[in-house]
Structure formats: structure tokens, C-alpha cells
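Since the structure comes first, as C-alpha cells, the remarks are kept for the end.
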There are 2 protein chains.
Amino acid sequence: MRADARRNYEQILAAAEAEVARAGAEASLEEIARRAGVGSATLHRHFPSRQALLEAVFHDRVAALCTQAHDLAAGLTPQPVAPTSPPPAALSSPPPVGGGSADAGQALTGWLRSLASYGAVTRGLAKSLLGGVQNPTASTCEAMLVEAGNELLRPAQAAGAVRPEVTIIDLLTLVNAVSLATEGSPDADAEAARLVTLALDGVRPRG
Amino acid sequence: MRADARRNYEQILAAAEAEVARAGAEASLEEIARRAGVGSATLHRHFPSRQALLEAVFHDRVAALCTQAHDLAAGLTPQPVAPTSPPPAALSSPPPVGGGSADAGQALTGWLRSLASYGAVTRGLAKSLLGGVQNPTASTCEAMLVEAGNELLRPAQAAGAVRPEVTIIDLLTLVNAVSLATEGSPDADAEAARLVTLALDGVRPRG
DNA sequence: CAGAAAACGGGGTGGTCCCCCATTTCCCTC
DNA sequence: GAGGGAAATGGGGGACCACCCCGTTTTCTG
């Protein structure tokens, strides 16, 4: 890729991050191009659709959430001999207890909660994920979340904490729906986490 | 209201119903005006905002859903002496068992399921309800649903089928979120009902 | 350094929302 | 049944938007 192309790409991405944070997923593409100091045609050449731009904007953050899931999952299985890299600290995940395995159900639900909070607070993220949860092949972010989520869902189901017929698509759809519905309300993150907890626990009194 | 005004109002409403069913909540207002055979200014005079138009479009259907909830609730409490009207048949609700009261929890969950299915199938409905669930005073449809839902939630909580800290706002937000997330998928109604059931039951195995 | 290929961006097209205001339509009174 | 005034209308204009064509500029390579 030519140097000016790469430079413009980065500038557009930076402007898009700012503008989407300000105006949500429906931010004006023209305004983004304007703030990036490029013509609108350049923006459309680099990102042929709004969805493509949103994917690029959110890719790193989604990747971080997936890393978090991966690290949580690694803390569940008795650590196999790991000759690769020293385990990098998870984003903000509670460290797995001692040297043993943490609770698989809690790892999953905790991750889903933080996912919902993050989605509710990050303007435009939930909406940009909405289209693709049903058919994740169309979207890189979706596929990443599905894979990362499955790493937590499988142990949780093996531990009997989640019914076997539940799929990660079900859970991600629910969480994303909650993010979407709570986005914009005050204390969106707490509200999203609360509703996800409610949905995961069910509405009936527990024991 | 003058005769021509009323006539145009009805024509706009009919065109809006068709167009929203076809293109969803983001349907073009100009196109609606065009199909109604009126100028766009007339549309904007009758419906000052898109939200106002959507409310008018969906008002009757929401009212029907509320009536259904009301009838279900009436079947729960041992019928007090009712000197008013003979109990009208609910839209499609299963008749309360025998002469006694049906299960309060099932009445609530069944209604929420049908609400989700209806919202997932009726293009634009979920989105038009999205803005107002958090502060129902702003929206007639919201307020109607909150009131109707409460008629089912209270007995369900009294019967111990729903935890006391759960509010109808929580449940409607969840249901609406699911409708929104499943809208557009094939078998949207079944998918929505399935996810609502999942959220109401929780993901853990039921002993 | 020169030429070719890649990238750029101004500006056009067709669409939207929303509003102003001259014109038309209706209703009420006589 | 006719006419006056108020209510309602809608064409058209402004501001904005997504998207694309194509002459121009920039970059890389030999």
C-alpha cells in the first residue's frame, strides 16, 4: 500500500473513532472525511461501506475483549505446559484463583456482563454488531466474538453451569440486544450489566 | 378537524403502515407522502416527528396487545362481581383453565413471548419503542404497555413466580431488545420467543 | 530521474428532511 | 345558496447526505 494511502487510512480511522464516539453509528461519513482532511471519495475507496468503517473502528476493542475471554478460559483449564509466551495480564479480568481453575460459569457470565457494559457505553458498537450476529461469517468482529465466547461457553456447559442447548450465538445476541437497548441511558454500563444478569439468572426466584 | 384534514390524515396513516411494513422504521417520509398523494409539508404538519408517525401507525396494534394482557389478568384474579361488560374474548390467549385462576407466571411469560414475537415480525415496531421504554411518559405506546404489563407482573410476583425486585420496565426492555435483535432473521417470531424464554428461565439448568 | 500506476478529491447526481408562504379548500353564517 | 375568513395545502427552496466519475496529483520503481 502506498505511503499516502496508508496515511490517509489512519487519519480517516482516527477521525471516525472520534466522530462515532460523538454521534454514534449513524455519524456522517462526510463529516468524518472532512475532519480527516480527505475527500469523501477517498473515504469511500478505503471503506466501501459504513459497516466496513465501523468494523475497522471497533476491531481493536473487540480484539481486546476476545483476548480477555481467552485469558479467562486459560485460567479455567489446568494450565498445560505453556512453552509459548508468559501469560499476558488480561484487560481487567479478576485473576484466576490460586493455581487451580476458577468457576467456569462465573467466567462466562462475568465476561458477558462486561461485554454488555462495554457495548452499552461505546456508542455505535452494539448497532454495528447487530447485523452480523446471526451470520458471523460476514463480519470479522462477529467471528472473533463467537470464537472467544465459545472458549468460555464450552467449559461452562461442561461444568453444568449452562444448559447444553444454549449456543454462543444465543448469548451474544442477548447481550448485544441489551447493549443496544440500554445505550444512551444514564448509567448505561450498570444498567446493561444488571439486565444481562437478570437474563442469565432468569426472573424466577432462585432456591 | 376539517374534513380534508381528516381525510389526508387517514391517507397518510395508511400509506405509512404500508411503507413501514416494507422498509422498517427508517422508511422515507417523502415516499410516504408521495404514496398518500399529499405534499410532504402536510405530512409534517400532521405528524411533527417520525416518532409521532410511528406511534400513530402502531397505536392500534399495541392497544390490542394491551387488551390481551388485560384479559389475561382478568382471568387470574377470582372474578369479582362484574356488572360492567361480559368478558370479551382475548385476542389469541389460551382461555383460563376452568373457572379458577390460571398460572400467574405463565400468563406473564406467555404474554411477553407473544410481545417479542409480534415485535420481531412487525417491522419498525421494536425500534419505535426503543427510545421510550426508559421514560414511558414521553410515549403513549410505552405507557400503555407498562400499565398492561404491570397487571400481569403484580400477580406473578404475588404468586412467587417472579423475583420482587424485577420491574416491568426491565422486562419490557429485555423483550424489546430481543425483538430488535431478531428482527429480520428468518423465523424471527420463533427466534424471538425462544430467546425471551431463555432470558426468562435463565441459562442455568433447571433442577 | 522519468514514466507508469496508484491514489486523490472537487464537484455532480439523486436522495432526504424540514420549513416558508402563496394558494386552495372548506365551513359557517347570513 | 352565496360569500368571507380561517384552516389546510403543497410546490419549491435550503441544508444536508451517500455515492461516484474522472481529470489531477502523488508516489514508487526501474
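A note on names: the letters A, B, ... follow the listed sequences, proteins ahead of strands, and every chain is numbered from 1.
Computed from coordinates, the Ile32(B) CD1 to dC18(C) P distance equals 12 Å when rounded to whole Å. Counting to the nearest Å, the P atom of dT9(D) and the CZ atom of Phe47(B) are 11 Å from each other. dG9(C) atom P lies 8 Å from atom CD1 of Ile12(A), rounded to whole Å. Atoms CD (Glu26(B)) and P (dT16(C)) sit 13 Å apart, rounded to a whole Å. Residue Arg34(A) contributes atom CZ, which lies 14 Å from atom P of dA15(D) at whole-angstrom precision. Separating the CG atom of Asp4(A) from the P atom of dA7(C) is a distance of 8 Å, rounded to the nearest angstrom. When rounded to the nearest whole Å, the span between OH of Tyr9(B) and C1' of dC26(C) equals 20 Å. Whole-Å rounding puts the Glu30(A) CD to dG12(C) C1' distance at 12 Å.
Within 4.0 Å (heavy atoms only), Arg6(A) reaches no atom of the nucleic acid at all. Counting non-hydrogen atoms under 4.0 angstrom, Arg7(B) reaches the backbone sugars and phosphates but no base.
A donor-acceptor pair is defined here as one N or O able to donate and one able to accept, closer than 3.5 Å; no such pair exists between the side chain of Asn8(A) and the backbone of Ala5(A). Between the Glu183(A) side chain and the Gly124(A) main chain, a donor and an acceptor come within less than 3.5 Å of each other.
The side chain of Leu29(A) sits closest to dA18(D) out of dA18(D), dT26(D), dC17(D). Across dT27(D), dC26(C), dC17(C), the shortest atom-to-atom separation from the side chain of Ala3(A) is found for dT27(D). The nucleotide whose nearest atom lies closest to any side-chain atom of Arg2(A) is, among dT9(D), dT16(C), dT27(D), dT27(D). Residue Ser28(B) places its side chain closer to dC17(C) than to any other of dA18(D), dG9(C), dC17(C).
Judged by distance alone, the side chains of Thr197(B) and Arg113(B) do bring a donor and an acceptor atom under 3.5 Å apart. With 3.5 Å as the limit, one finds no donor-acceptor pair spanning the side chains of Thr173(A) and Asn176(A).
Between Asn8(A) and dA7(C) there is no side-chain polar atom (N or O) within less than 4.0 angstrom of OP1 or OP2.
Between Glu26(A) and Lys127(A) there is a salt bridge, since at least one side-chain N of the basic residue sits less than 4.0 Å from a carboxylate O of the acidic one.
Contacts between residues 35-46 of chain A and DNA chain D, defined by a heavy-atom separation under 4.0 Å, are made by Ser40(A), Ala41(A), His44(A).
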- [ ] Begin with the C-alpha distance, continue with both residues' side-chain angles, and end with the deciding distance and a verdict on side-chain contact (heavy atoms from CB on, under 4.5 Å) for Leu200(B) and Val162(B).
- [x] CA-CA 9 Å; Leu200(B) 295 176; Val162(B) 174; over 6 Å; no
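With sequence neighbours left out, Arg163(A) forms a side chain to side chain contact (heavy atoms under 4.5 Å, CB included) with Glu165(A), Val166(A), Leu198(B), Asp201(B), Pro205(B).
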